[in-house]
Number of protein chains: 2
Amino acid sequence: MASKDRILRLKEETRANILDAALRIVKEEGWQALSMRKIADKIEYTAPIIYEYFASKEAILLELNRQGYLKLAKELQLAKDDHNSPAEQLEAMWLAYWNFAFANKELYQGMFGITTSCACEMVNKLPEAELPWDIITGSISELMKIEDLESEIICTKYYTFWSIVHGLVSINLLDRGNSDEINRQVLRDAITGIIRSITP
Amino acid sequence: MASKDRILRLKEETRANILDAALRIVKEEGWQALSMRKIADKIEYTAPIIYEYFASKEAILLELNRQGYLKLAKELQLAKDDHNSPAEQLEAMWLAYWNFAFANKELYQGMFGITTSCACEMVNKLPEAELPWDIITGSISELMKIEDLESEIICTKYYTFWSIVHGLVSINLLDRGNSDEINRQVLRDAITGIIRSITP
DNA sequence: TAAATCATTTAACAGTGTTAAGCAAATGTA
DNA sequence: TACATTTGCTTAACACTGTTAAATGATTTA
């Protein structure tokens with residue numbers, strides 16, 4: 001009886017190992033270099049065994065992204081909890097978003113890269129309460145004193161925020177035109193600018 | 001003697017055909033589906049012939065991107081020429097940028113997609129006068145009454161502009177959270193906001 | 001007409017994701 | 001203990017990828 005548990009635990013472990021190996025390869029050699037056989041090598045198995053844990057390579061990428069969204073949500077929540085006023089919360093959250101992107105470059109590329117079009121579908125499959133979207137719009141609606149989280153105005157403001165931060169992030173991920181500090185300042189200016197513009 | 005010319009002309013033509021076929025495949029089936037054999041099929045040759053015209057698949061992608069940058073620059077210049085004041089020029093140019101992105105979705109993805117890291121290196125290999133960068137910073141420096149196009153302040157403002165527009169574009173390319181009109185309005189607001197903030 | 005060059009194709013290599021078949025060890029059953 | 005069954009894992013294979021070398025057949029040159 002208990003051996004069943006042990007086996008299940010082992011299975012869960014190799015599943016985690018697969019994901020871990022995949023992410024390690026991506027960090028070392030980039031998304032392009034990720035292959036099933038390389039993953040298998042890293043966990044000291046042969047390739048077909050992976051299909052016992054994931055239906056396809058795509059499924060592995062999807063799961064990595066899912067974990068990325070959860071991780072991002074967790075860090076946003078952490079940043080939010082550190083502050084009381086919605087304005088401070090928003091600033092802290094978008095800075096946390098920025099930090100997440102650079103601390104997890106490859107993950108972020110997978111999650112929000114233009115070519116990986118799964119981002120949208122993926123986001124919708126996550127547990128609602130833990131979505132980055134909800135955590136942030138909460139503060140926006142509080143700041144604007146609008147109850148309905150799904151209202152058009154909240155949605156628009158959220159997208160404005162997201163666009164600016166994501167734009168800065170992605171341009172820095174591919175070009176790094178300015179120094180870190182300058183870009184951080186641009187980010188800060190943009191964020192406080194929007195916050196001011198939506199503060200009643 | 002003249003036959004040499006004819007042959008050269010034919011060669012130039014098939015080179016263009018290769019690029020054309022590649023872009024058509026990408027538009028029909030996405031970047032992921034692009035393969036040498038498919039290109040060869042479309043131009044009614046076999047795959048190895050492509051290597052007479054391009055060193056590798058990567059080289060084809062690079063050339064497609066190059067053409068994309070030139071096309072974008074041309075449209076920016078066109079938009080610029082339609083207006084006199086630098087403020088109007090900037091608004092028109094960023095709207096043209098936005099329109100280019102959606103009229104050439106796949107091309108834009110290739111040019112500025114996070115995962116395709118060639119964007120930065122590519123841009124630097126283009127004839128200077130025709131770079132998007134130069135066309136836009138010209139108007140910024142005129143508006144701010146600063147001579148030096150390479151000065152830090154101009155550079156920063158350019159990146160601020162670019163980040164916001166690119167952010168809006170790329171999020172709309174993967175999510176389309178709002179309607180077209182709303183996003184266009186967000187874009188307009190953002191652009192006029194920055195223009196106002198840098199107008200002396 | 002013979003030689004040389006050119007354009008193009010076929011065949012092949014190493015790699016990819018994925019599936020099916022096989023094997024060998026562990027487990028369940030009598 | 002002996003047999004049957006399931007499990008874990010590997011080998012072999014398929015269709016595809018980018019790319020290269022060799023072979024072929026047509027065209028130009030001498």
Side-chain angles (χ1 to χ4, degrees), chain A residues 1-26 28-65 106 110 115-118, chain B residues 1-26 28-65 106 110 115-118:
Chain A
M1 299 299 121
S3 76
K4 287 269 178 204
D5 288 10
R6 196 200 72 237
I7 288 170
L8 236 89
R9 218 165 44 233
L10 278 175
K11 280 217 150 197
E12 197 48 54
E13 199 176 315
T14 45
R15 201 188 125 92
N17 283 346
I18 290 171
L19 292 169
D20 185 63
L23 193 56
R24 242 161 55 219
I25 293 167
V26 169
E28 286 163 12
E29 311 176 54
W31 285 105
Q32 186 204 23
L34 183 65
S35 84
M36 299 299 259
R37 285 172 177 84
K38 254 185 208 164
I39 297 176
D41 258 27
K42 215 147 232 191
I43 60 169
E44 297 180 298
Y45 279 99
T46 48
I49 212 70
I50 303 178
Y51 292 86
E52 308 269 321
Y53 299 87
F54 295 94
S56 64
K57 186 184 179 184
E58 181 81 10
I60 296 177
L61 304 187
L62 233 66
E63 178 58 21
L64 283 178
N65 285 348
E106 299 80 14
T115 40
T116 56
S117 57
C118 61
Chain B
M1 298 297 120
S3 76
K4 287 268 176 207
D5 289 9
R6 196 200 74 238
I7 287 169
L8 237 87
R9 217 165 44 233
L10 278 175
K11 280 216 150 201
E12 197 46 54
E13 198 176 316
T14 47
R15 201 188 125 92
N17 284 344
I18 290 170
L19 291 169
D20 185 63
L23 193 55
R24 242 161 54 217
I25 292 167
V26 170
E28 287 164 10
E29 311 176 53
W31 286 104
Q32 184 204 27
L34 184 66
S35 85
M36 299 300 258
R37 286 173 177 86
K38 254 184 209 166
I39 297 175
D41 257 26
K42 217 150 228 186
I43 61 169
E44 298 181 297
Y45 279 99
T46 48
I49 213 72
I50 303 178
Y51 291 86
E52 306 272 320
Y53 299 87
F54 294 94
S56 64
K57 186 185 179 184
E58 180 82 10
I60 296 177
L61 303 187
L62 232 67
E63 178 59 21
L64 282 178
N65 285 346
E106 299 77 16
T115 39
T116 57
S117 58
C118 60

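Throughout, protein chains are lettered first and strands after them, A, B, ... in sequence-line order, and every chain is numbered starting at 1.
- Looking at heavy-atom distances under 4.0 Å, A:Y51 makes contact with a base.
- Within the nucleic acid shown, B:S35 comes within 4.0 Å of sugar-phosphate atoms alone, with no base atom in reach, counting heavy atoms only.
- Rounding to the nearest 0.5 angstrom, the gap separating the NZ atom in A:K57 from the CG atom in A:L34 is 5.0 Å.
- Checking side-chain atoms of A:T14 against main-chain N and O of A:N17 turns up no donor-acceptor pair under 3.5 Å.
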Item to check | Pair B:L62-B:F54, side chain to side chain contact (heavy atoms under 4.5 Å, CB included): steps then yes or no | outcome: CA-CA 10 Å; B:L62 232 67; B:F54 294 94; over 6 Å; no
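- Between B:A21 and B:K42 the shortest heavy-atom distance is CB-CB, 3.9 Å.
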Next on the checklist: side chain to side chain contact (heavy atoms under 4.5 Å, CB included), that's the test. Do B:Y45 and B:I18 meet it? Break it down for me.
Outcome noted: CA-CA 10 Å; B:Y45 279 99; B:I18 290 170; over 6 Å; no
List, with names and distances, any nitrogen or oxygen atoms from the protein found under 3.5 Å away from nitrogen or oxygen atoms belonging to nucleotides 21-25 of chain C.
none

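- Scanning both residues, A:A47 and A:R37, for their nearest heavy atoms gives CB-CG, 3.9 Å.
- Put simply, the side chain of B:R37 and the base of D:dG18 share a donor and an acceptor less than 3.5 Å apart.
- Rounded to a whole Å, the CD1 atom of A:I39 is 8 Å from the P atom of C:dG17.
- Between the CG atom in A:L64 and the CG atom in A:D20 there is a gap of 9.5 Å [rounded to 0.5 Å].
- With distances taken from any side-chain atom of B:M36 to the nucleotides C:dT10, D:dT19, D:dT11, the minimum falls on D:dT19.
- When the nucleotides D:dT10, C:dT18, D:dT19 are ranked by their closest atom to the side chain of A:S56, C:dT18 comes out on top.
- A:I50 places its CD1 atom 16 Å from the P atom of D:dG8, with the value rounded to the nearest Å.
- For A:I49 and C:dA20, the CD1 to P distance is 16 Å, given to the nearest whole Å.
- Protein atom NZ of B:K38 is 14 Å distant from nucleotide atom C1' of D:dG18, rounded to whole Å.
- Residue contacts shown for A:L10 are absent, as no nucleic acid heavy atom lies under 4.0 Å away.
- Here A:L34 lies in heavy-atom contact (under 4.0 Å) with sugar-phosphate atoms only.
- Residue order along DNA chain C, read from the 5' end via each residue's closest nucleotide, puts B:E44 first among B:E44 and A:A55.
- Separating the OH atom of A:Y45 from the P atom of C:dT18 is a distance of 20 Å, rounded to the nearest angstrom.
- Among the atoms of the strands shown, none is found under 4.0 Å from any heavy atom of A:E52.
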